[in-house]
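Source: prediction; values computed, not measured. No hydrogens, no waters, no symmetry mates; every other heavy atom, side chains included, goes into these values.
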Amino acid sequence: MIGRLACLMLIITPTDDKELHMRRKRLLSAIGIMLLVMILPVSAIDLQNLVEQAKVYNPTMKAYRLNKEQAELRLQLYEAEKVLSIGVSGAMTVNRAKLALAGPTEAVLTVDPKVSFVLPNDEGTTITFSPGGVVKSFESKDWAVAPSLEASHTFSLGSFTSLQKSLNDLTISKQKMSADLAYLEGNINFENSVYQKIIEIIKIEQEMLQLQSQIVTQQTKMENDLKLKVTTKDASAYKSMEISLAEYQFAYQGAQRRYDLAKKQFTQLTGQQWEPIDTIGDADITLKTSPLGNMTVILADMDLQIAMMEYEQEQQKAANTLSVSGSLGLDHSDFGNTTDTSYNINAGTQYVKDNFQIGAVARLGISNTGTLTPSLTVNGSWKNKTTVESDRITLLELANTIELKEIQKQKTFQDYLNSVDQMETEILNYQISLQQFEQSAAYHKEVLALAEERFTRGLGTESQVNNAKLSLEIDAYQQQIHKLNALILANKIRLLQQ
């Protein structure tokens with residue numbers, strides 16, 4: 001559009017009648033030249049491509065993308081499958097010791113390796129195998145070994161653990177949805193800021209075009225009044241016209257400065273030099289509502305669900321667990337002429353609840369002669385609760401939080417309904433404005449056709465034709481503004497519907 005303005009940069013200050021007459025002829029043809037430029041090709045770009053390139057350049061949009069990726073990575077990390085964990089440990093010792101009670105002290109090597117397997121389940125079932133300390137003398141054939149196999153598993157009783165998992169799932173989902181919504185809001189706000197800046201530039205171009213037309217018209221009137229001796233240069237009427245001309249020229253200079261500033265801001269925003277927009281796509285301004293609200297309402301409901309889970313968790317305070325374990329072991333030694341082998345079987349359980357725990361361990365030893373040695377050990381502990389009052393206050397706080405979140409959810413839903421009503425009003429106002437513009441543009445086309453017909457028949461003037469063409473040019477600016485406003489409105493609708 002800047003090409004449409006360049007042809008009107010003919011603001012002059014008259015010096016003598018001959019020069020005034022020559023320049024006036026050029027000014028009279030200025031509008032005609034301008035309208036000829038309208039049909040000539042100019043450098044232009046597609047709006048959608050411009051916006052997409054601007055998103056890549058703009059640092060704020062980069063930050064939104066990174067925040068969205070961070071939320072997605074946290075979700076992937078949370079959902080990552082557990083795998084089998086294998087651990088190996090061991091120790092080796094060389095010293096002098098007695099292997100048999102009545103035997104001599106001798107150099108001994110002791111090796112104690114261990115391998116542990118943790119299964120990929122929520123309870124972390126553990127299986128451990130150990131040779132149990134392999135002992136070998138450097139000075140004799142004496143040796144001993146005590147291999148064992150152990151297993152343990154912990155059961156979570158009650159709903160505390162399942163509540164914690166559900167709470168974690170919901171929290172992660174809320175974080176992901178919040179990041180998605182923030183990215184969408186940032187994306188839409190950025191797009192609309194680009195559209196609004198383009199509208200600002202187009203409006204200034206439109207204003208400059210109108211000011212140039214007013215300057216040409218005023219200068220033409222001044223020349224004609226002098227030529228027809230309607231007035232003189234010293235007359236107050238002519239002085240008044242000079243003042244009006246100066247006001248138009250001053251307004252144009254101010255518009256030019258604002259135009260340069262707006263183009264600079266456009267470059268800062270998009271990373272691209274301003275060029276006229278060639279293609280502006282049509283926008284869908286159809287509003288579809290949901291009885292459940294949008295993402296903002298869903299997030300408010302998630303906050304309420306999280307508060308309720310936290311209250312239920314606080315009531316249970318901690319998970320009740322039941323641990324079970326068992327092991328099989330073998331002790332074998334070969335010292336001198338004595339060989340001994342024994343077996344042991346162990347089983348245990350431990351119950352833990354809040355402020356007390358109780359457990360039992362049963363052991364059965366079997367000697368190489370078949371002698372059985374059973375044993376049972378029971379253990380337990382208890383401590384008084386010192387947080388009764390603080391627990392009560394905490395539950396009251398969490399109960400109040402539930403009420404506040406419920407109120408917030410209702411308010412958020414009401415805000416959504418209000419936004420829907422407001423959006424329907426905006427859509428209606430836009431449609432009325434567009435209809436009025438289309439009627440006006442159609443009328444201007446009829447005026448141009450009539451003016452051209454009258455001019456051809458010698459009943460009208462070239463000035464009337466040019467003025468009619470100027471109205472169409474201004475309509476072309478206004479049409480672009482309407483299309484851009486439709487895109488802004490469509491973005492607002494898209495955000496409201498998410």
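- Counting heavy atoms from C-beta on, the side chains of Ile306 and Leu167 come closer than 4.5 Å.
- Remark: the Gln422 side chain and the Asn418 side chain contain no N/O donor-acceptor pair separated by less than 3.5 Å.
- Of all heavy-atom pairs between Leu50 and Gln272, the closest is O-NE2, 3.1 Å.
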### Task
Apply side-chain hydrogen bond (donor to acceptor under 3.5 Å, both in side chains) to the pair Gln431 and Gln435, showing each step before the final yes or no.
CA-CA 6 Å; Gln431 290 171 337; Gln435 185 178 17; over 6 Å; no
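- Residue Leu292 comes nearest to Phe413 through the heavy atom pair C-CE1, 4.0 Å, listed as atom of the first residue, atom of the second, then distance.
- Note on Lys68 versus Glu72: salt bridge recorded, some NZ/NE/NH1/NH2 to OD/OE distance being below 4.0 Å.
- Taking the charged nitrogens against the carboxylate oxygens, Glu106 and Arg96 have no contact shorter than 4.0 Å, which rules out a salt bridge.
- Looking at heavy atoms from C-beta onward, Val134 lies out of side-chain contact with Asp112 at the 4.5 angstrom threshold.
- When side chains are defined from C-beta on, Leu489 counts as touching Ile427, because their heavy atoms get closer than 4.5 Å.
- Using a 4.5 Å heavy-atom threshold, the side chains of Leu484 and Ile202 count as touching.
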### Query
Should Gln498 and Asn294 be marked as a side-chain hydrogen bond (donor to acceptor under 3.5 Å, both in side chains) after you check the CA-CA gap, both sets of side-chain angles, and the distance that decides it?
CA-CA 5 Å; Gln498 292 299 318; Asn294 57 6; over 6 Å; no
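- Side-chain contact between Arg363 and Ile345: absent, with no pair of heavy atoms (C-beta onward) separated by less than 4.5 Å.
- Rounding to the nearest 0.5 Å gives a distance of 12.0 Å between OG of Ser178 and CG of Asn67.
- Lys174 pairs with exactly one of Asp169, Asp301, Asp303 by the salt bridge (charged side-chain N to carboxylate O under 4.0 Å, His left out) rule, that one being Asp303.
- No donor-acceptor pair closer than 3.5 Å links the side chain of Gln357 to the backbone N or O of Gly380.
- Ion pair Lys264/Asp260 not flagged as a salt bridge, since none of the NZ, NE, NH1 or NH2 atoms sits closer than 4.0 Å to an Asp/Glu carboxylate oxygen.
- In the displayed structure, Lys405 atom NZ is contacted under 6.0 Å by at most 12 heavy atoms of other residues, nucleotides or ligands.
- Residues Thr286 and Asp284 have side chains that bring a donor and an acceptor to within less than 3.5 angstrom of each other.
- In this structure, the side chains of Ile493 and Ile285 come closer than 4.5 Å at one or more pairs of heavy atoms.
- The shortest non-hydrogen separation linking Met61 to Lys55 is CB-O, 3.5 Å.
- Side chains of Val194 and Phe190 form a contact here, defined as non-hydrogen atoms less than 4.5 Å apart.
- By the 4.0 Å N-to-carboxylate-O rule, Glu200 lies too far from Lys203 to be salt-bridged with it.
- In summary, of the residues considered (Met308, Gln315, Met309), a side-chain contact (heavy atoms from CB on, under 4.5 Å) with Tyr311 occurs for Gln315 alone.
- Salt-bridge formation is not detected for the pair Lys263/Glu205: no Lys NZ or Arg NE/NH1/NH2 atom is positioned less than 4.0 Å from an Asp or Glu carboxylate oxygen.
- The shortest non-hydrogen separation linking Trp274 to Thr267 is N-OG1, 4.3 Å.
- Nearest heavy atoms, Ala441 versus Leu472: O-CD2, 4.3 Å.
- What you find for Asn58 and Leu269 is that their closest heavy atoms are ND2-O, 3.3 Å.
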